[in-house]
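Notes follow once the structure below has been shown.
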Amino acid sequence: MASNNGYILLTGRANPKLAKDIAKILKKELLEPITIFSDGEIRVRIARNLRRRHVFIIQPTCPPCVNDYIMELILMIDAVKRASASEIIAVIPYFGYSRQDRKEMPRVPISASAIASMIEHTGANRIVTVDIHAEQEEGFIRSPWDNLYASYSLLPVIKSRNLKNLVVASPDKGGVVRATGYAKLLDAEGIAIVYKQRDINVNDKSESQIIIGDVVGKDVLLVDDLISTGGTIINAGDYIKERGARSVRAAVTHQLFTGSAFESVTNSAIEEFIITDTVAVRNEVVKHKKITVVSVAPLLAQAISRIESGESISKDLIL
Ligand code: R5P
(Lines give C-alpha, C1' and ligand atoms only; values in the text may rest on other atoms or scores of the structure.)
Protein backbone atom coordinates (compact mmCIF):
# COMPACT_ATOMS: atom_id res chain seq x y z
CA MET A 1 0.00 0.00 0.00
CA ALA A 2 1.38 3.48 -0.88
CA SER A 3 2.62 5.55 2.08
CA ASN A 4 0.84 8.81 2.76
CA ASN A 5 3.66 10.35 4.81
CA GLY A 6 5.20 13.74 4.26
CA TYR A 7 3.89 17.24 4.32
CA ILE A 8 3.10 19.42 1.33
CA LEU A 9 4.25 23.00 0.60
CA LEU A 10 2.07 25.37 -1.41
CA THR A 11 2.44 29.00 -2.32
CA GLY A 12 0.51 31.73 -4.11
CA ARG A 13 1.86 34.67 -6.07
CA ALA A 14 2.83 37.00 -3.20
CA ASN A 15 6.46 35.99 -2.66
CA PRO A 16 7.34 32.87 -4.68
CA LYS A 17 11.09 33.46 -4.26
CA LEU A 18 10.87 33.19 -0.47
CA ALA A 19 8.69 30.07 -0.76
CA LYS A 20 11.17 28.50 -3.19
CA ASP A 21 14.09 29.30 -0.87
CA ILE A 22 12.21 27.65 2.04
CA ALA A 23 11.39 24.60 -0.09
CA LYS A 24 15.02 24.35 -1.19
CA ILE A 25 16.25 24.32 2.42
CA LEU A 26 13.66 21.69 3.31
CA LYS A 27 14.44 19.72 0.12
CA LYS A 28 10.72 19.62 -0.69
CA GLU A 29 8.72 20.16 -3.81
CA LEU A 30 6.80 23.45 -3.88
CA LEU A 31 3.36 23.51 -5.50
CA GLU A 32 2.20 26.77 -7.12
CA PRO A 33 -1.50 26.16 -7.80
CA ILE A 34 -2.68 29.68 -8.78
CA THR A 35 -3.66 30.84 -12.24
CA ILE A 36 -5.95 33.71 -13.22
CA PHE A 37 -9.09 33.42 -15.35
CA SER A 38 -9.51 35.92 -18.19
CA ASP A 39 -12.05 37.89 -16.12
CA GLY A 40 -9.53 38.37 -13.30
CA GLU A 41 -10.86 35.67 -10.97
CA ILE A 42 -8.36 33.50 -9.16
CA ARG A 43 -8.23 29.81 -10.02
CA VAL A 44 -6.69 27.27 -7.65
CA ARG A 45 -5.98 23.74 -8.80
CA ILE A 46 -3.75 21.42 -6.81
CA ALA A 47 -2.42 18.50 -8.80
CA ARG A 48 -1.63 16.25 -5.82
CA ASN A 49 -3.55 14.02 -3.46
CA LEU A 50 -3.81 15.89 -0.13
CA ARG A 51 -5.94 13.41 1.78
CA ARG A 52 -4.79 13.24 5.44
CA ARG A 53 -1.70 15.33 4.65
CA HIS A 54 -0.29 18.29 6.56
CA VAL A 55 -0.23 21.25 4.19
CA PHE A 56 1.81 24.43 4.73
CA ILE A 57 0.63 27.37 2.63
CA ILE A 58 3.30 30.09 2.38
CA GLN A 59 1.75 33.42 1.47
CA PRO A 60 2.56 36.88 2.87
CA THR A 61 -0.43 39.19 2.49
CA CYS A 62 1.51 42.20 1.31
CA PRO A 63 1.73 44.89 -1.35
CA PRO A 64 1.52 45.36 -4.25
CA CYS A 65 -1.75 43.34 -4.29
CA VAL A 66 -2.58 42.79 -0.61
CA ASN A 67 -6.27 42.06 -1.19
CA ASP A 68 -5.62 39.65 -4.07
CA TYR A 69 -3.04 37.81 -1.98
CA ILE A 70 -5.49 37.47 0.91
CA MET A 71 -8.06 36.07 -1.53
CA GLU A 72 -5.49 33.62 -2.97
CA LEU A 73 -4.70 32.44 0.56
CA ILE A 74 -8.37 31.95 1.42
CA LEU A 75 -9.06 30.02 -1.79
CA MET A 76 -5.97 27.83 -1.33
CA ILE A 77 -7.09 27.02 2.23
CA ASP A 78 -10.57 26.19 0.94
CA ALA A 79 -9.18 23.91 -1.78
CA VAL A 80 -6.90 22.13 0.69
CA LYS A 81 -9.69 21.72 3.25
CA ARG A 82 -12.07 20.26 0.67
CA ALA A 83 -9.27 17.90 -0.46
CA SER A 84 -9.35 16.39 3.06
CA ALA A 85 -5.95 17.52 4.35
CA SER A 86 -5.59 16.66 8.02
CA GLU A 87 -3.87 19.92 9.03
CA ILE A 88 -3.56 23.28 7.28
CA ILE A 89 -0.87 25.72 8.38
CA ALA A 90 -1.04 29.24 6.98
CA VAL A 91 2.54 30.59 6.94
CA ILE A 92 2.06 34.34 6.57
CA PRO A 93 5.52 35.95 6.90
CA TYR A 94 3.97 39.44 6.63
CA PHE A 95 0.38 39.73 7.85
CA GLY A 96 -1.32 42.53 5.91
CA TYR A 97 -3.77 44.75 7.84
CA SER A 98 -1.95 43.89 11.09
CA ARG A 99 -1.63 47.60 11.93
CA GLN A 100 -5.43 47.83 12.04
CA ASP A 101 -5.52 45.89 15.29
CA ARG A 102 -7.89 47.99 17.39
CA LYS A 103 -10.68 50.55 17.18
CA GLU A 104 -8.74 53.80 17.33
CA MET A 105 -11.88 55.77 16.56
CA PRO A 106 -15.61 55.00 16.44
CA ARG A 107 -17.16 53.10 13.53
CA VAL A 108 -13.99 51.51 12.16
CA PRO A 109 -13.34 47.76 11.77
CA ILE A 110 -10.68 45.75 13.55
CA SER A 111 -9.44 44.60 10.17
CA ALA A 112 -6.63 42.35 11.41
CA SER A 113 -9.15 40.45 13.54
CA ALA A 114 -11.63 40.11 10.66
CA ILE A 115 -8.95 38.69 8.38
CA ALA A 116 -7.51 36.32 10.97
CA SER A 117 -11.04 34.99 11.63
CA MET A 118 -11.65 34.52 7.92
CA ILE A 119 -8.41 32.50 7.60
CA GLU A 120 -9.35 30.33 10.58
CA HIS A 121 -12.99 29.83 9.58
CA THR A 122 -12.01 28.80 6.06
CA GLY A 123 -9.99 25.96 7.53
CA ALA A 124 -6.49 26.94 8.73
CA ASN A 125 -5.55 25.05 11.91
CA ARG A 126 -2.54 27.25 12.69
CA ILE A 127 -1.07 30.58 11.64
CA VAL A 128 2.67 31.28 11.53
CA THR A 129 3.88 34.87 11.24
CA VAL A 130 7.13 36.82 11.61
CA ASP A 131 7.15 39.91 13.85
CA ILE A 132 3.40 40.48 13.85
CA HIS A 133 2.69 44.15 14.51
CA ALA A 134 1.16 43.49 17.95
CA GLU A 135 1.62 40.08 19.56
CA GLN A 136 -1.80 40.17 21.19
CA GLU A 137 -3.24 39.68 17.68
CA GLU A 138 -2.53 35.98 18.27
CA GLY A 139 -5.65 36.09 20.44
CA PHE A 140 -7.87 37.03 17.48
CA ILE A 141 -8.34 33.31 16.77
CA ARG A 142 -8.86 30.21 18.92
CA SER A 143 -6.32 28.13 16.93
CA PRO A 144 -2.58 28.27 17.66
CA TRP A 145 -0.64 31.21 16.19
CA ASP A 146 3.17 30.97 16.23
CA ASN A 147 4.82 34.35 15.89
CA LEU A 148 8.54 34.11 15.04
CA TYR A 149 11.08 36.87 15.52
CA ALA A 150 13.19 38.13 12.64
CA SER A 151 15.92 38.88 15.19
CA TYR A 152 16.98 35.25 14.60
CA SER A 153 17.92 36.26 11.04
CA LEU A 154 18.94 39.89 11.61
CA LEU A 155 21.23 39.58 14.64
CA PRO A 156 24.25 37.94 12.94
CA VAL A 157 24.34 40.76 10.36
CA ILE A 158 23.91 43.49 12.98
CA LYS A 159 26.67 41.97 15.12
CA SER A 160 29.01 41.83 12.14
CA ARG A 161 28.87 45.66 11.97
CA ASN A 162 30.83 45.91 15.27
CA LEU A 163 28.84 48.91 16.49
CA LYS A 164 30.48 50.83 19.37
CA ASN A 165 28.71 52.41 22.37
CA LEU A 166 25.59 50.91 20.90
CA VAL A 167 22.19 52.42 21.70
CA VAL A 168 19.09 50.65 20.37
CA ALA A 169 16.30 53.07 19.52
CA SER A 170 12.60 52.75 18.86
CA PRO A 171 11.13 55.25 16.37
CA ASP A 172 7.90 55.37 18.37
CA LYS A 173 6.50 54.45 21.77
CA GLY A 174 4.87 51.27 20.37
CA GLY A 175 8.27 49.73 19.65
CA VAL A 176 9.85 50.06 23.09
CA VAL A 177 9.53 46.37 23.99
CA ARG A 178 11.15 45.39 20.68
CA ALA A 179 14.01 47.89 21.21
CA THR A 180 14.55 46.61 24.76
CA GLY A 181 14.70 43.02 23.44
CA TYR A 182 17.31 43.91 20.81
CA ALA A 183 19.29 45.95 23.35
CA LYS A 184 19.54 42.89 25.61
CA LEU A 185 20.51 40.55 22.78
CA LEU A 186 23.15 43.00 21.53
CA ASP A 187 24.42 43.92 24.99
CA ALA A 188 23.80 47.58 24.16
CA GLU A 189 24.73 50.53 26.41
CA GLY A 190 21.14 51.72 26.48
CA ILE A 191 17.93 52.42 24.66
CA ALA A 192 16.35 55.57 23.25
CA ILE A 193 12.79 56.35 22.22
CA VAL A 194 11.68 58.89 19.67
CA TYR A 195 8.23 60.06 20.58
CA LYS A 196 6.15 60.35 17.43
CA GLN A 197 2.92 62.30 17.19
CA ARG A 198 0.64 60.85 14.53
CA ASP A 199 -2.35 62.66 13.03
CA ILE A 200 -4.99 59.90 12.95
CA ASN A 201 -7.14 61.85 10.51
CA VAL A 202 -4.46 61.76 7.82
CA ASN A 203 -3.55 58.33 6.41
CA ASP A 204 0.13 57.36 6.80
CA LYS A 205 1.27 60.79 8.05
CA SER A 206 3.68 60.83 10.96
CA GLU A 207 6.10 63.20 12.72
CA SER A 208 9.06 62.69 15.06
CA GLN A 209 9.11 65.03 18.02
CA ILE A 210 11.13 64.36 21.12
CA ILE A 211 13.78 61.87 22.14
CA ILE A 212 14.17 60.06 25.44
CA GLY A 213 17.67 58.66 26.01
CA ASP A 214 21.26 59.62 25.28
CA VAL A 215 22.45 59.25 21.68
CA VAL A 216 25.33 61.76 21.61
CA GLY A 217 28.46 60.12 20.17
CA LYS A 218 26.76 56.70 20.01
CA ASP A 219 26.25 54.19 17.23
CA VAL A 220 22.47 53.97 17.14
CA LEU A 221 20.43 51.04 15.82
CA LEU A 222 16.79 51.89 15.13
CA VAL A 223 14.54 48.82 15.15
CA ASP A 224 11.00 48.59 13.80
CA ASP A 225 8.61 45.96 12.51
CA LEU A 226 7.96 47.65 9.19
CA ILE A 227 8.78 50.44 6.82
CA SER A 228 5.90 51.61 4.65
CA THR A 229 6.07 55.27 3.62
CA GLY A 230 9.34 55.49 5.53
CA GLY A 231 8.07 58.52 7.48
CA THR A 232 8.42 56.94 10.91
CA ILE A 233 11.91 55.53 10.70
CA ILE A 234 13.46 58.17 8.45
CA ASN A 235 12.20 61.08 10.55
CA ALA A 236 13.45 59.33 13.66
CA GLY A 237 16.84 58.55 12.07
CA ASP A 238 17.34 62.10 10.86
CA TYR A 239 16.36 63.43 14.28
CA ILE A 240 18.74 61.09 16.11
CA LYS A 241 21.60 62.11 13.83
CA GLU A 242 20.82 65.81 14.38
CA ARG A 243 20.95 65.14 18.12
CA GLY A 244 24.60 64.06 17.84
CA ALA A 245 24.66 60.30 17.18
CA ARG A 246 27.91 59.05 15.61
CA SER A 247 26.04 56.77 13.22
CA VAL A 248 22.47 55.59 12.65
CA ARG A 249 21.45 52.25 11.19
CA ALA A 250 18.00 50.66 10.94
CA ALA A 251 16.94 47.03 11.26
CA VAL A 252 13.42 46.58 9.93
CA THR A 253 11.62 43.27 9.42
CA HIS A 254 9.03 44.04 6.75
CA GLN A 255 9.90 46.33 3.84
CA LEU A 256 6.90 47.68 1.96
CA PHE A 257 8.50 50.85 0.54
CA THR A 258 5.22 52.44 -0.52
CA GLY A 259 4.92 55.87 -2.18
CA SER A 260 8.21 57.76 -2.20
CA ALA A 261 9.76 55.77 0.65
CA PHE A 262 12.46 54.35 -1.55
CA GLU A 263 13.68 57.82 -2.62
CA SER A 264 13.67 58.97 1.02
CA VAL A 265 16.05 56.13 1.89
CA THR A 266 18.69 57.64 -0.40
CA ASN A 267 18.47 61.08 1.22
CA SER A 268 18.16 59.89 4.81
CA ALA A 269 20.78 60.24 7.54
CA ILE A 270 20.38 56.51 8.18
CA GLU A 271 23.49 54.95 6.65
CA GLU A 272 22.24 51.37 6.36
CA PHE A 273 18.84 49.69 6.31
CA ILE A 274 19.00 45.99 7.21
CA ILE A 275 15.73 44.42 6.05
CA THR A 276 14.30 40.96 5.39
CA ASP A 277 12.50 39.25 2.54
CA THR A 278 9.17 38.55 4.30
CA VAL A 279 7.72 40.71 1.51
CA ALA A 280 9.02 40.17 -2.05
CA VAL A 281 12.02 42.46 -2.50
CA ARG A 282 12.02 44.53 -5.67
CA ASN A 283 15.22 44.58 -7.76
CA GLU A 284 15.87 48.27 -7.15
CA VAL A 285 15.70 47.59 -3.39
CA VAL A 286 18.14 44.67 -3.59
CA LYS A 287 20.57 46.82 -5.56
CA HIS A 288 20.38 49.94 -3.35
CA LYS A 289 23.78 50.60 -1.78
CA LYS A 290 22.27 51.52 1.60
CA ILE A 291 20.12 48.38 1.84
CA THR A 292 21.15 44.92 3.07
CA VAL A 293 18.60 42.13 2.61
CA VAL A 294 18.65 39.17 4.99
CA SER A 295 16.50 36.14 4.23
CA VAL A 296 14.03 34.70 6.74
CA ALA A 297 13.88 31.47 4.70
CA PRO A 298 16.16 29.56 7.17
CA LEU A 299 13.99 30.72 10.10
CA LEU A 300 10.74 29.68 8.41
CA ALA A 301 12.20 26.40 7.18
CA GLN A 302 13.27 25.57 10.75
CA ALA A 303 9.83 26.50 12.06
CA ILE A 304 8.04 24.33 9.47
CA SER A 305 10.33 21.42 10.19
CA ARG A 306 9.77 21.72 13.95
CA ILE A 307 5.99 22.09 13.64
CA GLU A 308 6.03 18.94 11.54
CA SER A 309 8.23 16.98 13.95
CA GLY A 310 6.53 18.31 17.08
CA GLU A 311 9.64 20.06 18.44
CA SER A 312 9.66 23.32 20.35
CA ILE A 313 9.72 26.53 18.34
CA SER A 314 10.59 28.81 21.23
CA LYS A 315 13.83 26.94 21.91
CA ASP A 316 16.63 28.76 19.98
CA LEU A 317 14.31 30.06 17.25
CA ILE A 318 12.59 32.81 19.21
CA LEU A 319 15.40 35.13 20.31
C1 R5P B 1 3.91 51.78 13.64
O2 R5P B 1 3.30 51.51 14.66
C3 R5P B 1 4.75 50.78 12.92
O4 R5P B 1 5.51 50.02 13.82
C5 R5P B 1 5.68 51.44 11.91
O6 R5P B 1 6.56 52.29 12.60
C7 R5P B 1 4.90 52.28 10.92
O8 R5P B 1 3.71 51.63 10.57
C9 R5P B 1 5.74 52.50 9.69
O10 R5P B 1 4.99 53.19 8.74
P11 R5P B 1 5.61 54.35 7.86
O12 R5P B 1 6.88 53.80 7.24
O13 R5P B 1 4.57 54.66 6.84
O14 R5P B 1 5.88 55.51 8.75
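This structure is a prediction, so every number in the text was calculated from the model and none was measured. Order of listing sets the numbers, starting from 1, for every ligand and every atom in it.
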S247 and D219 side chains, donor-acceptor separation under 3.5 Å: yes

Proximal atoms of ligand 1 relative to D172 (non-hydrogen, under 4.0 Å): 1 (C), 2 (O), 6 (O)

Backbone of A134 reached by a side-chain donor or acceptor of E137 within 3.5 Å: yes

Structural part of T229 in contact with ligand 1, heavy atom criterion under 4.0 angstrom: both

Per-atom contacts of ligand 1 with T232, taking only distances under 4.0 Å to non-hydrogen atoms: 6 (O), 7 (C), 9 (C), 10 (O), 11 (P), 14 (O)

Shortest heavy-atom approach to atom 9 (C) of ligand 1 - which of T253, L226, I234, N235: L226

Proximal atoms of ligand 1 relative to I227 (non-hydrogen, under 4.0 Å): 12 (O)

Those atoms of ligand 1 less than 4.0 Å from some heavy atom in H133: 1 (C), 2 (O), 3 (C), 4 (O)

Contacting atoms of ligand 1, where contact means under 4.0 angstrom from a heavy atom of G230: 11 (P), 12 (O), 13 (O)

Selection from G259, S228, A236 by shortest heavy-atom distance to atom 12 (O) of ligand 1: S228

Parallel, tilted or perpendicular: ring planes of F257 versus F262, cut at 30 and 60 degrees: perpendicular

G231 neighbourhood, listing ligand 1 atoms whose heavy-atom distance to it stays under 4.0 Å: 12 (O), 14 (O)

Under 3.5 Å donor-acceptor, D78 side chain and T122 backbone: no

Worked check of side-chain contact (heavy atoms from CB on, under 4.5 Å) between D225 and V252: CA-CA 5 Å; D225 60 332; V252 183; over 6 Å; no

Presence of salt bridge, D224 and R178, under 4.0 angstrom: yes

V293 and its side chain to side chain contact (heavy atoms under 4.5 Å, CB included) partner, picked from I275, T276, I274: I275

